[in-house]
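So the structure is just underneath, and the comments pick up after that.
Lettering follows sequence order; numbering is per chain, from 1. This structure is a prediction, so every number in the text was calculated from the model and none was measured.
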Amino acid sequence: MTDTTSAPADASPGLLDAYDAGRVEAKWRRTWEERGDYRTNLDSPQRPFYNLAMFPYPSAEGLHVGHMLPYSGVDIYGRWRRLHGDDVFEPMGFDAFGIHSENYALKIGEHPAVVMKRAVSNFRDGQLKMIGAMFDWDHQVNTADPSYYRWTQWLFLRFFEAGLVEWRDGAVLWCPSCLTVLANEQVEHGRCERCDSVVETRWLRQWWLKITRYAQEMLDALDTLDWSESTKLMQRNWIGRREGARISFDLEGCERPDVAVFTTRPDTLFGATFVVIAADHPQLEEFVPAERRGELNAWRNRLPGPQAEPDFSVGIDLGSTAIHPLTGARLPVWSAPYVLYDYGTGAIMAVPGHDERDHAFATEHGLPIVEVISGGDAVATAYAGEGTLVNSGELDGMPSDQARKRIVEMLENTHRGQATITYRLRDWLISRQRYWGPPIPIIHCPTDGQVAVPDEDLPVLLPELADFRPTGTGVSPLATVEDWVNVTCPKCGGPARRETDVSDTFLDSSWYFLRYPSTDFDAVAFDRERTNRWLPVDMYIGGNEHAVRHLLYSRFVMRGLHGMGLVNDPEPFAKFRAHGMIVKDGAKMSKSRGNVVNPDEYIEKYGADTFRLYLMFLGPYTAGGDFRDEGIVGISRFLQRVWRGTQRATVADADDDEERERRRHRLVGGVDADIAELHYNTAIAQLMEFARELDHESAAGRGRLVDAETLLLCLAPFAPHITEELWQRTGHDGSVHAPGGWPEHDPDLAARVEVEVAVQVNGKLRATMTVPAGTGEDDLRQRALELPRIVELLGEAEPRKVVAVVDRIVNVVV
RNA sequence: GCGCGGAUGGCGGAACCGGUAGACGCGCGGGACUUAGGAUCCCGUGGGGCAACCCAUCCGAGUUCGAGUCUCGGUCCGCGCACCA
């Protein structure tokens with residue numbers, strides 16, 4: 001610390017040197033690295049504990065304090081587990097492939113490989129190593145390194161072989177600015193989540209991973225996971241299981257004989273007044289009379305892309321007729337973009353009386369609106385609630401929830417429909433028409449179709465390309481590299497062409513936790529024994545912005561591998577907690593907003609320990625908060641107290657007294673419980689109280705050595721350097737971070753002997769009294785009523801009731 | 001619109017199962033040491049009142065001996081989803 005050269009006013013003359021964070025921290029970081037303290041024995045751990053932080057994607061902007069909060073919190077948890085005797089594996093790596101990295105490279109006009117190399121070394125050596133985390137750098141990964149993406153490609157091929165990959169045409173979401181297709185998860189309100197451009201629809205043949213196959217399994221397994229409830233809820237909503245019915249309508253006047261619709265409200269079937277087919281339905285032509293196909297296609301070609309706000313004025317009467325399965329009524333068949341092709345069956349029965357969208361559409365186009373559930377004004381506004389059936393023939397008067405089942409039965413008996421389940425989740429589109437990613441390892445052969453690149457030919461190296469700009473034509477810039485594209489088919493040896501798309505960045509990060517323990521294996525993606533020993537991850541901490549993408553994709557990949565028998569566990573992360581986000585002036589930190597706070601200057605000025613503690617003390621770890629540095633001096637004072645208090649403690653352990661012992665056990669138990677729940681802010685508050693008392697006692701020559709030792713051990717996860725230095729200075733040989741060193745604590749010994757009990761009269765606090773802990777209710781009542789203050793207040797009045805709660809309160813009611 | 005959270009001193013935040021609201025820290029006030037200090041240390045600090053006491057956890061009801069905590073109804077803020085039938 002550069003600005004605290006003067007000794008404390010009450011220091012024993014000339015004994016203590018000032019706390020110099022810079023010197024202490026550099027010394028211990030060097031020592032730990034030289035000794036290899038944090039290299040994990042991956043092959044023969046007694047109690048393996050995989051402690052994982054979401055890895056960053058390197059950028060030239062460097063890490064800001066918004067990154068340091070999660071990493072500090074992860075490291076505290078890991079160091080705490082280590083002190084409890086676990087063999088903690090805490091790796092770190094870099095998500096260096098992807099559009100974000102490529103876009104930045106484009107912006108500054110350098111090749112992404114060059115930019116990333118520089119950014120990674122700055123992240124790692126300039127920043128991550130400075131915070132004193134116990135990252136095991138022997139096992140780092142970099143998703144853009146051939147030694148990593150070779151296995152990303154290998155993984156793709158395993159899914160390909162297992163039938164979990166499809167190459168198919170589809171209406172895809174296209175970003176006109178990023179010039180690539182996007183996954184469903186990357187589009188928000190019809191806009192690209194990265195650049196905010198309005199997304200367009202394109203028809204392209206693309207690679208999809210069949211994540212929907214696991215929708216139900218992933219939904220069910222959520223109950224077995226120890227994850228933040230908010231995260232689980234988001235996944236549940238994203239998977240979006242809906243129970244309903246599939247109902248078949250016969251068609252007249254077109255090639256197609258019938259159409260199936262999906263509805264969650266079969267009870268409203270009698271209110272269906274028309275049928276709507278999705279405008280992007282690939283076989284839409286089959287729903288119109290043959291002579292109207294030209295008209296239909298002309299209409300379809302004029303349709304806009306997906307809209308943020310649905311436009312119910314857009315729609316076309318197809319001219320064919322649907323027959324109501326129960327009433328035989330003849331309903332018009334329409335097509336409109338407000339009906340989605342890739343949800344349900346791509347067609348709906350429109351019930352304008354009980355669905356707002358159908359109501360809006362019916363109103364726009366003058367279609368009939370019928371009320372079939374009483375309870376609201378169906379004709380005027382659409383009533384979506386429950387009620388009693390009306391205008392529903394024999395079912396009139398039946399409650400809607402019963403009718404739901406009854407109508408499905410009726411349909412099942414006549415084979416016109418059945419109960420069914422639909423999910424909101426879509427398959428994962430992984431093709432990207434960009435440069436900076438792993439080439440999809442497929443060869444297109446005119447005779448053999450889509451052929452996997454043989455494993456022994458992996459990696460399919462990303463060719464070095466001077467002009468890597470996206471083309472916007474629906475193909476990747478890789479297509480221009482003729483001598484790379486043209487190959488011979490591995491099956492027939494004839495001429496063939498490579499797939500030129502690269503895969504989505506989220507595929508890179510969907511399995512990186514599998515690679516960390518096995519980075520020293522060149523011949524396999526992940527060693528079986530290592531994997532089964534270390535997976536699933538014991539504690540995973542990251543941002544909730546990845547709740548439905550990274551976390552869902554990773555679960556899918558793991559489940560796929562599990563299905564192939566390649567891993568033992570179907571889930572990647574046994575425990576997940578979302579950390580809070582640090583904002584600045586109410587907004588997320590970003591260079592464009594100009595509100596980025598660089599941690600480097602704080603680390604340089606105050607030291608990493610102070611900075612870590614300060615971030616953790618700002619507020620609850622899982623809540624985050626607004627970054628202001630006004631309070632950092634409080635942490636600085638706290639560490640100086642620790643510096644003095646522990647070094648001046650001289651009283652031997654043999655002279656320990658019972659009250660101090662109780663205080664110590666309370667500290668250990670309290671900090672232990674707080675860290676377990678990630679309540680770092682309150683753990684630090686307890687440490688501050690303890691340090692202040694020790695400092696005072698030490699200044700008076702009564703500081704206990706055992707107190708100093710306990711304080712250092714409990715503080716060690718938070719402030720690894722200063723505690724290590726003080727551990728040595730207070731006469732210890734090994735490291736304060738040695739596995740299993742956490743002080744034992746006995747809840748009985750932590751219990752208070754005397755407690756202060758509040759005495760209320762009619763619920764108002766009027767006095768307190770100190771009594772032995774555990775004093776019984778009757779005893780409490782008697783003591784309270786004898787208190788002079790209470791006697792005075794009661795006067796002549798006779799208490800109607802006296803409530804007593806042991807160790808807490810007495811309430812006298814008059 | 002639907003679904004989740006949240007609202008506590010000047011500020012960040014504590015408060016286990018309903019039991020002394022405001023731990024810890026910042027800031028502020030006073031003092032000590034100082035040539036000086038924005039360094040460090042000590043004491044005080046929700047508001048009002050001389051005091052007894054009164055008022056205080058977004059607002060309004062309710063349950064209870066007792067409510068920041070539970071119930072109902074609002075207001076505001078944040079997050080997720082939003083044509084998903």
**Report entry** Proximal nucleotide (of rC42(B), rA85(B), rC24(B)) relative to the Ala685(A) side chain
**Finding:** rC24(B)

Report task. Would you indicate, yes or no, if rC55(B) has its OP1 or OP2 atom less than 4.0 angstrom from a side-chain nitrogen or oxygen of Lys764(A)? Result -> yes

Report task. Indicate, with a heavy-atom threshold strictly under 4.0 Å, whether Val339(A) touches base, sugar-phosphate, or nothing. Result -> base

Requested in this report: Measure from the side-chain heavy atoms of Leu233(A) and tell me the nearest of rC24(B), rC4(B), rC84(B).
Outcome: rC4(B)

Query raised in the report: His354(A) near the nucleic acid: base, sugar-phosphate alone, or nothing, with a heavy-atom cut-off under 4.0 Å?
Result: nothing

Query raised in the report: Can you find a side chain N or O atom of Arg808(A) that sits less than 4.0 Å from OP1 or OP2 on rG18(B)?
Result: no

Report summary line: The answer to which of Leu793(A) and Asn811(A) contacts RNA chain B further toward the 5' end, by nearest nucleotide, is Leu793(A)

Requested in this report: Could you check which nucleotide pairs with rC50(B) in any of the strands shown, counting Watson-Crick or G-U wobble with both distances under 3.5 Å?
Outcome: none

Query raised in the report: Given rC24(B), is OP1 or OP2 found less than 4.0 Å from the side-chain N or O atoms of Arg692(A)?
Result: yes

Query raised in the report: Looking only at side-chain N and O atoms, does Arg357(A) come under 4.0 Å of OP1 or OP2 in rC84(B)?
Result: yes

Report task. State which of rC24(B), rG13(B), rG19(B) makes the closest approach to the side chain of Asn681(A). Result -> rG13(B)

**Report entry** Selection from rA23(B), rC26(B), rC53(B) that lies nearest to any side-chain heavy atom of Thr682(A)
**Finding:** rA23(B)

Query raised in the report: What nucleic acid atoms does Arg246(A) come within less than 4.0 Å of, heavy atoms only: base, sugar-phosphate, or nothing?
Result: nothing

Report task. Could you tell me whether the phosphate oxygens of rA23(B), OP1 or OP2, come under 4.0 Å of any side-chain nitrogen or oxygen in Arg666(A)? Result -> no

Report task. Answer with yes or no whether the side chains of Glu386(A) and Ser400(A) bring together a donor and an acceptor at under 3.5 Å. Result -> yes

Query - Electrostatic pair Asp695(A):Arg692(A) at N-O distance under 4.0 angstrom - result: no

Query raised in the report: Which way is the base of rC58(B) turned, syn or anti, if we draw the line at 90° from 0?
Result: anti

**Report entry** Watson-Crick or G-U wobble mate for rU57(B), both contacts under 3.5 Å
**Finding:** none

**Report entry** Side-chain N or O of Arg637(A) closer than 4.0 Å to phosphate OP1/OP2 of rU40(B)
**Finding:** yes

Query - Residue matched to rA36(B) through Watson-Crick or wobble contacts both under 3.5 angstrom - result: none

Query raised in the report: Taking syn as any angle within 90 degrees of 0 and anti as the rest, which one fits rG37(B)?
Result: anti

Report task. Using a 4.0 Å heavy-atom cut-off across all strands, classify Leu618(A) as base, sugar-phosphate, or nothing. Result -> sugar-phosphate

Query raised in the report: Applying a 3.5 Å limit to both distances, which nucleotide forms a Watson-Crick or G-U wobble pair with rC2(B)?
Result: rG80(B)

Query raised in the report: When you check the phosphate oxygens OP1 and OP2 of rA85(B), does a side-chain N or O of Tyr343(A) lie under 4.0 Å from one of them?
Result: yes

Query raised in the report: So does Arg666(A) pair up with Glu693(A), basic N to acidic O under 4.0 Å?
Result: no

Requested in this report: Go ahead and name the base partner of rU63(B); Watson-Crick or wobble counts if both distances stay under 3.5 Å, otherwise write none.
Outcome: none

Query raised in the report: Can the ring centroids of Trp334(A) and Phe361(A) be said to lie less than 6.0 angstrom from one another?
Result: yes

Query raised in the report: Is the distance between the ring centroids of Phe627(A) and Tyr602(A) less than 6.0 Å?
Result: yes

Query - Nucleotide nearest Val803(A) (side chain, heavy atoms from C-beta), chosen from rC54(B), rG19(B), rC81(B) - result: rG19(B)

Query raised in the report: Could one point to a donor on the side chain of Gln640(A) or the base of rU40(B) with an acceptor on the other under 3.5 Å away?
Result: no

Report summary line: Ranking Gly619(A) and Val805(A) by the position along RNA chain B of their nearest nucleotide, the one closer to 5' is Gly619(A)

Query raised in the report: Of all the nucleotides listed (rU20(B), rC24(B), rC41(B)), which has the minimum atom distance to the side chain of Gln760(A)?
Result: rU20(B)

Query raised in the report: Of all the choices, rU20(B), rA85(B), rC53(B), which nucleotide is nearest to the side chain of Arg789(A) once you look at every atom?
Result: rC53(B)

Requested in this report: Report the nucleotide, chosen from rC54(B), rA21(B), rC24(B), that has the shortest atom-to-atom distance to any side-chain atom of Arg766(A).
Outcome: rC54(B)

**Report entry** Trp238(A) six-ring centre to Arg555(A) NZ/CZ under 6.0 Å and within 45° of normal
**Finding:** no

Query raised in the report: Aromatic ring centroids of His365(A) and Phe274(A) under 6.0 Å?
Result: no

**Report entry** Under 3.5 Å on both distances, the Watson-Crick or G-U partner of rC24(B)
**Finding:** rG12(B)

**Report entry** Shortest side-chain distance from Arg426(A), nucleotide among rG80(B), rC84(B), rC81(B)
**Finding:** rC84(B)

Report task. Identify which nucleotide among rG13(B), rC53(B), rC24(B) has an atom closest to any side-chain atom of Pro620(A), counting heavy atoms from C-beta outward. Result -> rG13(B)

**Report entry** Arg265(A) vs rA85(B): side-chain N/O to OP1/OP2 distance below 4.0 Å
**Finding:** no

